[in-house]
Q: 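Got a structure for you, questions after.
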Amino acid sequence: MNELLPDSEKCLQGFKKEIDKNKYTIVTVSDQLFYTIGMAKHNLPDVILICDINKRSVNILFENLFERWRTTGYAKGFLNEIDALPIFMDEIRHNTALRRVKDEYVMLAEAFYKQYPTYAQNKPRYVQMLWPDLKGYYPNESEYHYPHFEQKCLSKLRKII
């Protein structure tokens, strides 16, 4: 990796201060791409959310998720009690998908953990938060249809039961 630019270093230092104060931070890449940095410090995966949702809702979802995981531990799969939504957490594990996610989506998280390795108890992990359309189909299923609330699935998600 190339040397960090001075502005990048300031950005990473800002993330560090935010994580020290609030347990993790949320990176807003666009109105449709959000992810956390700092959950790895608590031995939890960082979360990626790709959908058209307002920042306040993102903050609430991530905070509720963090508090739940901190209390009960990280659990793959369904989380039925986060704001009454049937949320599925897809762990991104396949090498090709993980490499693409690191290169295209969570570059600042990767740079942060490289700069501050003590903030990751283990190798950083990433999960994508997904939920179904009104008929119960998830983004990996051809029947999925949720106008104005499309979600891009980052891994080759198997059929969700």
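Treat the numbers as computed from the prediction; the structure is a model and nothing was measured. Residue numbers start at 1 and run along the sequence shown.
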Q: Distance from K123 atom NZ to L98 atom CG, nearest 0.5 Å?
A: 7.0 Å

Q: What is the distance from atom OH of Y24 to atom CG of L44, rounded to the nearest 0.5 Å?
A: 11.0 Å

Q: Between R125 and N43 (side chain of the first, backbone of the second, donor and acceptor by atom type, cut-off under 3.5 Å), is there such a pair?
A: yes

Q: How close do F62 and M39 get, counting heavy atoms only, and between which atoms?
A: O-CE, 4.2 Å

Q: Can you list everything that forms a side-chain hydrogen bond (donor to acceptor under 3.5 Å, both in side chains) with N22? Sequence neighbours excluded, please.
A: E18

Q: Is the shortest heavy-atom distance from the side chain of Y126 to the side chain of E110 under 4.5 Å?
A: yes

Q: Check L154 against Q128 and note the closest heavy-atom contact, atom names and distance.
A: N-OE1, 2.9 Å

Q: Assess the pair Y119 and F112: is the distance between their ring centroids shorter than 6.0 Å?
A: yes

Q: Please report the C-alpha distance between Y105 and R100 in whole Å, then the side-chain angles of each, then the deciding distance to 0.1 Å, and finally whether the side-chain contact (heavy atoms from CB on, under 4.5 Å) criterion is met.
A: CA-CA 8 Å; Y105 294 94; R100 186 172 52 93; 4.1 Å; yes

Q: Of all the heavy-atom pairs spanning L130 and P139, show the shortest one and how long it is.
A: CD2-CG, 3.9 Å

Q: Give a yes or no on whether the backbone of R70 and the side-chain of H42 come within a donor-acceptor separation of less than 3.5 Å.
A: no

Q: If you round to the nearest 0.5 Å, how far is OG1 of T118 from CD of Q121?
A: 10.5 Å

Q: Determine, stepwise, if the pair L61 / I53 fulfils side-chain contact (heavy atoms from CB on, under 4.5 Å).
A: CA-CA 11 Å; L61 282 168; I53 189 170; 3.8 Å; yes

Q: Distance check, rounded to the nearest 0.5 Å: I37 atom CD1 versus Y116 atom OH?
A: 11.5 Å

Q: Output yes when a side-chain donor or acceptor of Q151 lies under 3.5 Å from a complementary backbone atom of Y146, and no otherwise.
A: no

Q: Does a side-chain heavy-atom distance below 4.5 Å link Q115 with E9?
A: yes

Q: Is K152 atom NZ crowded by more than 12 heavy atoms from other residues, nucleotides or ligands, each under 6.0 Å away?
A: no

Q: Closest approach of D103 and M107, non-hydrogen atoms and distance?
A: O-SD, 2.8 Å

Q: Please give me the minimum heavy-atom distance between P45 and W69, naming the atom from each residue.
A: O-CZ3, 3.6 Å

Q: Would I48 and L33 satisfy side-chain contact (heavy atoms from CB on, under 4.5 Å), going step by step from the backbone distance to the final call?
A: CA-CA 7 Å; I48 303 166; L33 174 57; 4.1 Å; yes

Q: Distance-only, no hydrogens or angles: does the E67 side chain make a donor-acceptor pair with backbone N or O of N64 under 3.5 Å?
A: no

Q: Can you tell me which residue among V27, I50, I26 is in a side-chain contact (heavy atoms from CB on, under 4.5 Å) with Y35?
A: V27

Q: Let me confirm one number: the OG1-CZ distance from T36 to F15, rounded to the nearest 0.5 Å.
A: 11.0 Å

Q: Under the side chain to side chain contact (heavy atoms under 4.5 Å, CB included) test, which residues partner A40, sequence neighbours left out?
A: D46, Y113, A120

Q: Between E143 (side chain) and Y137 (backbone), is there a donor-acceptor pair under 3.5 Å?
A: no

Q: Roughly how far, to the nearest 0.5 Å, is the NZ atom of K16 from the NZ atom of K41?
A: 7.5 Å

